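Every value quoted in this text rests on a predicted model; they were computed, and no experiment measured them.
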Amino acid sequence: MTDMPAVDIKRSACPHDCPSTCSLEIEKLGDQQIGRVRGAGDNSYTAGVICAKVARYAERTHHPDRLMHPLKRVGPKGAGQWEQISWDEALDTVAAEFLKREAAFGPETIWPYYYAGTMGLIQRDGINRLRHVKKYSGQHSTICINLAWGGWKAATGAYRGADPREMAKSDLVVIWGTNAVHTQINVMTHATRARKERGAKIVVIDPYRNATALTGDMHLMVRPGTDGALACAVMHVLFRDGYADRDYMARYTKGYAELETHLETRTPEWAADITGLSVEEIETFAHMVGSTPKTFFRLGYGFSRSRNGAVNMHAAACIAAVTGCWQHEGGGAFHTNGQLYHWDKTLTEGLDAVDPSVRMLDQSRIGAVLTGDPKDLGDGPPVTALLIQNTNPMDVAPDLAKVHEGFAREDLFVCVHEQFMTETAKMADIVLPATTFVEHDDLYQAGGQNHINLGLKVIEPLGECRSNHEVITALAERLGARHAGFDMSARELIDQTLQRSGWPGIDGFETHNWLDAQVPFEQAHYLEGFGHADGKFHFTPDWSLVGPDFAGMPALPDHWDVIHKATPDHPYRLVTAPARNFLNSSFTATPTSLKREKRPTVMIHDRDAETIGVAAGDIVRMGNAQGSLLIHVEVFDGLQPGTVVVEGIWPGKFFIEKIGINLLVGADAAKPNGGAAFHDTAVWIRKE
C-alpha cells in the first residue's frame, strides 16, 4: 500500500482580480505539489467560502500545459515555433533589444504593459519600478475601475464606505452593478446571512437574469447604461412621498435643494421609458428603500462598463444620502476600500524615481498605440518594445482588430512573462515562464472588504518558473537600472512596505495571515464628515476633480445619454459579462472551467431570435463598425428584447474565426477619467 503524503495546511490569499481577496487555506502535499484550496473559516469576511474556480486551483498550478522553460520564437509571429533557451540567454536578449531601441528612439519607445493577473503589491507593481527608473512610457490604467471609482469619489470624496460585513446586519441589500455570484461570492455570504437571520430582502439590479439575480427577492432588469435614470426616479419618489431625510441632508450634503428641484421631472414614467422597467417596479423599489432605514447599497464595477458609468455610479450613490441610511449599522453604501491602507509604495513602485514629463499611454488603447495613432503617441516615438506581465491584451483589450494588427508588426519586439501560452504569448519573441501565487511571496490588499493579506510561498516553483519580482530585478541589473527595491527579496519588500506604511511587519502576521484595516463606524459611515474638503456628500459633483475630460457632463444626477444606442442598423445592445468559471481570460485553460462554460455563445431573447430567424445552437454573425464574428446562439428570456449577452472573455482560439468578443468593443476613452466601455456596444446580428 502506497503511503499518502503528509498534508500541511498553509495560509495564503487569492491573488486574482476580484474585490473579495479571499483568505485561503491550501493543502501542501509536497515540495512542489498543492492539493485542495479552501476559504479561511476564521476570516470574518471570507468566512470559509471561496469560488469554485479558485477551490480547484491545483488544476491550474499542475496543468500539463504550464509554461516551464524560457522560449525564443524561431518562426513567423504567431506560428507557434519555439526553441527552448536558458534564462540567461532570454534575459540577455530582452535587455539587448531594449537597449538597442532605447538608443535609437529614446526610453519612451519601450512600454512595460501590465494589469491584474495578480493583485499582489510586490509581484504586480514591481514593473513600475523598472518603468520609472528607466523612464519608459507610463501607463494610464483604464481597463477596469476608472469610471466607477470616479463616480463614487465625486459623490463621497473618498475611496471607502460602510463595512461590507454589515450587509449581514441589513434589512435590505441592494446589489447593483455586479454579478456577485460570478465575481465576488462573499457578497452573497453576507447578504444571504441577513436574509436568514433578519428576514432581509435582496434586490439585484442588472441587465440580465444571471446567477445573482436568481438569488434576489426582486430583480430590476434595466437596459444597459440606464442606471442613472432608475436612480433619479427612485429619488424622485423618495422626495415626493416623504422618505427623504432632510435633517440628514442639511447636515451632511451639498446641493440637496437643487437636487429636489431637478428631480421633479425625473418621474417613474420618465425612467420607465428609458430603462424598460415598469412604473410599478420603480415605485415598489423606491418604497422599499424609503421604508427601510437599514438599506445597504453594494455598488459594483459594472458601472465602469458604460460610457456614462461615472454619472450612473454617482446617481446610485446619491440614494443613500437622500434617505440618510448612512446613519445606521447595516445601512449606507459601499464600493471600494482602496483608501484604507495608506501604502507607502516607494520601494515597490519606485515612486522616488517618477519623472512627470514622461508620456502616459492609455492601457485600453493599446491597439491604437501599437498601430501608431498620433493622438495616442503624442510627440513621442513609436512603441517598438513591450514587456508584458499579468495581462493578455490579445484577448482582453478592446478594439481587438487593431490590437492584433499592432502585435503583428515585424519591428515590434515583445517579451511576455506568463503561466500559459496565451494569445498574447503566441505573438512574443521571448516567452518567460511565470510562477503562480503559491510559488512566490506577495502582499495583498482587499478592495471589496477590509483586510491586508499575506501570501507567502507555499511550494517551490515548478520547472524553471520565476516570479515577476525575480524577472524585473534580473532585467534591471542588465539594463543598468538602480533602485533599492531591486536589491531586496520579495519578502524584504513586503516587510519594509508594511512597516513604512504604518503596519506591523511580517512578524505581525503570526496569529493570522491577515490584518483587519477597517476604520471605526463613524468614519466608515462618514458621520465625521465626507471626504471632500467641505466634509459634505456632493449631489452636485465637480467632475474636474475626477478627470481632465469633463466637458459636457451633467451637473446633477441624471440619465446621461452618451451610450451607444441601438439604431435600425445596429438594433441590439451587447453586454460582455463575466463568466462564472473564468476571470477575464484566467482559468480559460483549466479543464473543469472549460467543461462547465462549454463554448462562446450569445444570449438572445426569444422575440429577437424569432425576428432574426434563429434557434438555440444556430450560428449567427454579429458585428458593427469594429468588425464581425461568428458565434453560437443561446435563446434566453432572462433579458430585455434588444439586449444580448456574451459571458466570459474566451480566448480567440475558441471562436469560429479565431478572434474574441472584444473585436466588437470600442476603445474610445469615456469621460471624465478614461476607460473602455465593455458593456456599451451596439451590434447587428444576422443568421449565418
Practice item. Answer yes if the side chains of Asn662 and Asp395 hold a donor-acceptor pair under 3.5 Å, and no otherwise. Key: no

Exercise for review: Measure from NZ or CZ of Arg73 to the centre of the six-membered ring of Trp82, then state whether that distance is under 6.0 Å and the direction lies within 45° of the axis.
Suggested key: no

Check your understanding: Any luck finding a side-chain donor-acceptor pair between Arg580 and Thr183 under 3.5 Å?
Key -> no

Exercise for review: Indicate whether the side chain of Gln123 and that of Asn468 have a donor and an acceptor atom separated by less than 3.5 Å.
Suggested key: no

Exercise for review: Could you verify whether a donor N or O on one side chain and an acceptor N or O on the other, from Asp352 and His483, lie under 3.5 Å apart?
Suggested key: yes

**Study point:** NZ/NE/NH1/NH2 to OD/OE distance under 4.0 Å, Glu97 and Lys100
**Key:** yes

Point to revise | Worked verdict on Lys134 versus Glu102 for salt bridge (charged side-chain N to carboxylate O under 4.0 Å, His left out) | key: CA-CA 10 Å; Lys134 289 293 296 179; Glu102 181 180 349; 3.2 Å; yes

Check your understanding: Quick check: does any side chain N or O of Glu439 sit under 3.5 Å from a backbone N or O of Ile459, one acting as donor and the other as acceptor?
Key -> no

Check your understanding: Could you give the distance from SG (Cys415) to NZ (Lys72), rounded to the nearest 0.5 Å?
Key -> 13.5 Å

Practice item. May I have the step-by-step check of side-chain hydrogen bond (donor to acceptor under 3.5 Å, both in side chains) for Glu89 and Ser86, ending in yes or no? Key: CA-CA 5 Å; Glu89 181 181 350; Ser86 70; 4.6 Å; no

Exercise for review: Output yes when a side-chain donor or acceptor of His451 lies under 3.5 Å from a complementary backbone atom of Asn453, and no otherwise.
Suggested key: no

Exercise for review: Could you tell me which residues satisfy ring-ring contact (aromatic ring centres under 6.0 Å, His included) with His69, sequence neighbours excluded, listed by chain and number?
Suggested key: none

Review point. Would a distance-only check, ignoring hydrogens and angles, find a side-chain to backbone donor-acceptor pair under 3.5 Å from His63 to Thr590?
Key: no

Exercise for review: Can you measure from CG (Leu574) to CG (Asn624) and round to the nearest 0.5 angstrom?
Suggested key: 8.5 Å

Check your understanding: When the ring planes of Tyr341 and Trp343 are compared, do they come out parallel, tilted or perpendicular, using 30° and 60° as the limits?
Key -> parallel

Check your understanding: With distance as the sole criterion, is a donor-acceptor pair present between the side chains of Asn390 and Thr118 under 3.5 Å?
Key -> no

**Study point:** Any donor-acceptor N/O pair, His679 side chain to Arg305 backbone, under 3.5 Å
**Key:** no

Practice item. Please check if any side-chain donor atom of Arg56 sits under 3.5 Å from a side-chain acceptor atom of Asn581, or the reverse. Key: yes

Check your understanding: Any donor-acceptor pair under 3.5 Å linking the side chain of Gln139 with the backbone of Gln363?
Key -> no

Check your understanding: Do other residues, nucleotides or ligands put more than 12 heavy atoms under 6.0 Å from the CG atom of Asp379?
Key -> no

Practice item. Show your working on side-chain hydrogen bond (donor to acceptor under 3.5 Å, both in side chains) between Gln626 and Asp399 and close with a plain yes or no. Key: CA-CA 7 Å; Gln626 303 280 131; Asp399 199 5; 3.0 Å; yes

**Study point:** Audit row: Thr588, Ser585, side-chain hydrogen bond (donor to acceptor under 3.5 Å, both in side chains) steps and yes/no
**Key:** CA-CA 6 Å; Thr588 56; Ser585 67; 5.3 Å; no

Review point. Between the side chains of Gln184 and Thr178, does any donor sit under 3.5 Å from an acceptor?
Key: yes

Review point. Do Thr681 and His564 have a side chain donor and acceptor closer than 3.5 Å?
Key: no

Review point. Looking at Arg482 and Asp487, does any basic side-chain N land under 4.0 Å from a carboxylate oxygen?
Key: no

Point to revise | Test side-chain hydrogen bond (donor to acceptor under 3.5 Å, both in side chains) applied to Thr384 and Thr109, step by step | key: CA-CA 6 Å; Thr384 62; Thr109 194; 2.7 Å; yes

Practice item. Decide, yes or no, whether a salt bridge links Asp441 with Lys457 under the criterion of side-chain N to carboxylate O below 4.0 Å. Key: no

Practice item. Return the set of residues passing ring-ring contact (aromatic ring centres under 6.0 Å, His included) with Phe582 (not counting sequence neighbours), or none when no residue passes. Key: Trp650

Point to revise | Gln339 (side chain) donor-acceptor with Arg160 (main chain) under 3.5 angstrom | key: no

Point to revise | Polar side chain donor-acceptor pair, Tyr114 to His417, under 3.5 angstrom | key: no

Check your understanding: Is there a donor-acceptor pair closer than 3.5 Å between any side-chain N or O of Ser304 and the backbone N or O of Ile145?
Key -> yes

**Study point:** Minimum heavy-atom distance between Gln445 and Thr21, given as atom pair plus value
**Key:** O-OG1, 3.6 Å

Exercise for review: Answer yes or no: is there an ion pair linking Asp92 with Arg478, defined by an N-O contact shorter than 4.0 Å?
Suggested key: yes

Practice item. Go through the steps to decide whether Arg365 and Asp373 satisfy the test salt bridge (charged side-chain N to carboxylate O under 4.0 Å, His left out), and finish with yes or no. Key: CA-CA 10 Å; Arg365 293 186 55 77; Asp373 193 321; 3.7 Å; yes

Point to revise | Atom of Lys653, atom of Lys426 and distance for their closest heavy-atom approach | key: CD-NZ, 4.1 Å

Review point. Phe587 ring centre to Arg60 NZ or CZ under 6.0 Å, with the angle to the axis within 45°?
Key: yes

Practice item. Could you tell me whether Asp442 and Arg124 have a side-chain N and a carboxylate O separated by less than 4.0 Å? Key: no

Review point. Donor-acceptor pair, Ser306 side chain versus Phe303 backbone, under 3.5 Å?
Key: no

Point to revise | Mutual orientation of the aromatic rings belonging to His335 and Trp152 [parallel < 30°, tilted 30-60°, perpendicular > 60°] | key: tilted

Practice item. Dump the intermediate steps for salt bridge (charged side-chain N to carboxylate O under 4.0 Å, His left out) on Glu470 and Arg466, then the final yes or no. Key: CA-CA 6 Å; Glu470 291 173 303; Arg466 293 189 186 180; 5.8 Å; no

Check your understanding: Would one find more than 12 heavy atoms of other residues, nucleotides or ligands at under 6.0 Å from atom CZ of Arg491?
Key -> no

Exercise for review: Compute whether any side-chain donor of one residue and acceptor of the other, for Thr346 and Asp344, lie under 3.5 angstrom apart.
Suggested key: yes

Review point. Taking atom CG of Leu454 and atom CG of Leu456, what is their separation to the nearest 0.5 Å?
Key: 4.0 Å

Exercise for review: Would you please say whether a donor-acceptor pair under 3.5 Å links the side chains of Asn392 and Glu423?
Suggested key: no

Review point. Distance from Leu443 atom CG to Ile122 atom CD1, nearest 0.5 Å?
Key: 6.0 Å

